[in-house]
Amino acid sequence: MCNNMLHLSMTHYRYHFDRMKYLDFVDTEYEPAPSDLLCEFLVETDETMEFDVAAGAVAAESSVGTWTELTTMRSYVEKLHATVYEIDGSRIKVAYPVELFEPGNMANIMSSVCGNVFGLKGLKHLKLDDIHYPEVLTESFMGPKYGIDGVRKVLKIPERPFVGTIIKPKLGLVTEDHAEVAYESWAGGCDVVKDDENLSSQSFNGFEKRLDATLKARDKAEKETGERKVYMINVTAETNEMVRRAKLVENAGGEYIMFDIITCGNSGFQTLREADLDLVLHAHRAGHGAFTLDPKHGVSMKVIARNTRLMGADQLHVGTAVGKMKEGEEEVLDNIECLTSEMHGVRTAMPVASGGLYPAVVPPLLKIFGYNVVVQAGGGVHGHPDGTYKGATAMRQAIAAVMEGITLQEYAEKHEELRKALEIWQTPT
Ligand code: 3PG
């Protein structure tokens, strides 16, 4: 009995002690400095931790704090502590002094705000929902080299949405067939042809041979159509190899490369961007769902979008709202905002809609995105009953109809490719 009482009072003492420690990091009177990095987290605790303690724990463990008092603490270190400056339901806002971070080092910043804190006992769920960089940090990253205006100049398309396709089947085609499908896509009306996210340099379709064959196909299509055509070859690989492949593309006369931002990682991408090649950088977000989809836990797509733009991607997949990807309109609009809103002078990045698109969904898609978008359809081009060429034409016709203010049905009366696409793939209800 006596021992139990002692145990209880010790537990209470320790709890109280820790509670005060973490609560030191909460100050709702604090006004963030212009140089602070601001993060918004969604926090859910289990029964062992009170909410305000958890809020303080997030700020503490992602800055200078830990679970106990430290004999090594100095007053100059205390000045670097993060502060919870707003609590609104489960949403907390945290301000971080900029001195906590190494400029231009995204891995370092994420190791703090997306680091150990995600495994903290007492936090049932934690989501980094948004991030806002101060000017001093934004300036330390390269940002997009081209941005929306720049990629429009590369493609010589001043206003219209870009029409793109992804070579399908996503894996398995040998190089000659890959190049042939690319040619058909461009000749039929696509501006952009892209590799799929998991094509790199497999035995059946090696990188160098594919680059050569597909750029030849591009040249042929450009000559025949009189239009600019671009190939986004996937350079995703180990970082040095990725940079080597990107240089091969530049030397071969390519204008674009694509890479997988999640699986290559921030540092891999920063190295690629810092090579500063004359190539538009297209970021695929394959794997993002492992972090973004749980509404309560992980990292939001908004954070991935802001970071990817800041590090220097010219284009990024942001969801479709009307296709096969999970996000709804509101989330897609948020992602678009992260790529296009003012960010201390950083160039904008072009939103990419990709995943389950086909001609019938083009009108609602453009209503959401506007015209600054790459509309990419894989199955929606290569699944056309008359093949890739006509599938590309049908997508281009759907875009033309919207730009002319005509319904797809009306446009299809004089355009057989679109009519056939509308017959097999109807507008979702
Ligand atoms: C992508 O890269 O986004 C997907 O491969 C899209 O393919 P889909 O248009 O066939 O859904």
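Please read all numbers here as calculations on a predicted model, not as lab measurements. Just follow the structure's listing: the first ligand is 1, and inside any ligand the first atom is 1.
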Fill in the blank from the handout: H317 heavy atoms within 4.0 Å reach ligand 1 at atoms 3 (O)

Problem - Close-contact set for ligand 1 against A377 heavy atoms, below 4.0 Å - result: 9 (O)

Exercise for the section: Using a cut-off of 6.0 Å, state whether more than 12 heavy atoms not belonging to E31 lie near its atom CD. Expected result: no

Practice task
Using only heavy-atom distances, determine whether the side chains of H125 and D294 contain a donor-acceptor pair under 3.5 Å.
Solution key: no

Exercise for the section: Check the side chains of D36 and Y30 for a donor-acceptor pair under 3.5 angstrom, ignoring hydrogens and angles. Expected result: yes

Fill in the blank from the handout: Looking only at protein heavy atoms, what sits closest to atom 4 (C) of ligand 1 is K168 NZ, 3.8 Å

Exercise for the section: Could you check atom 10 (O) of ligand 1 against the protein and tell me its nearest heavy-atom contact, residue, atom and distance included? Expected result: G379 N, 2.8 Å

Completion exercise
Taking only non-hydrogen atoms of H284 and a 4.0 Å limit, the atoms of ligand 1 in range are 1 (C), 2 (O), 3 (O)

Handout entry: Under 4.0 Å to a heavy atom of K324 - the qualifying atoms of ligand 1, by number
Key = 7 (O), 8 (P), 11 (O)

Handout entry: Enumerated ligand 1 atoms positioned under 4.0 Å from heavy atoms of E197
Key = 2 (O)

Practice task
Would you indicate whether the side-chain heavy atoms of K414 and R419 approach each other to under 4.5 Å?
Solution key: no

Exercise for the section: Please tell me if the side chains of E331 and V318 come closer than 4.5 Å, counting only heavy atoms from C-beta onward. Expected result: no

Exercise for the section: Can you pull out the closest protein heavy atom to atom 9 (O) of ligand 1? Residue, atom name and distance to 0.1 Å, please. Expected result: G378 N, 2.7 Å

Fill in the blank from the handout: So the atoms of ligand 1 within less than 4.0 Å of a heavy atom of G355 turn out to be 6 (C), 11 (O)

Handout entry: Contact check, G356 vs ligand 1, heavy-atom distance below 4.0 Å
Key = yes

Handout entry: atom 3 (O) of ligand 1 [closest protein heavy-atom partner, distance rounded to 0.1 Å]
Key = S354 OG, 2.6 Å

Practice task
Could you tell me whether F207 atom CZ has more than 12 heavy atoms of other residues or ligands within 6.0 Å of it?
Solution key: yes

Handout entry: Salt bridge present between K216 and E176 (N-O < 4.0 angstrom)
Key = no

Exercise for the section: Report yes or no: do Y358 and Q426 form a side-chain donor-acceptor pair below 3.5 Å? Expected result: no

Practice task
Using non-hydrogen atoms of the residue, decide whether H382 is closer than 4.0 angstrom to ligand 1.
Solution key: no

Exercise for the section: Using only heavy-atom distances, determine whether the side chains of E184 and T388 contain a donor-acceptor pair under 3.5 Å. Expected result: no

Exercise for the section: Flag K194 as yes when one of its N or O atoms lies below 3.5 Å from any N or O atom of ligand 1, and as no otherwise. Expected result: yes

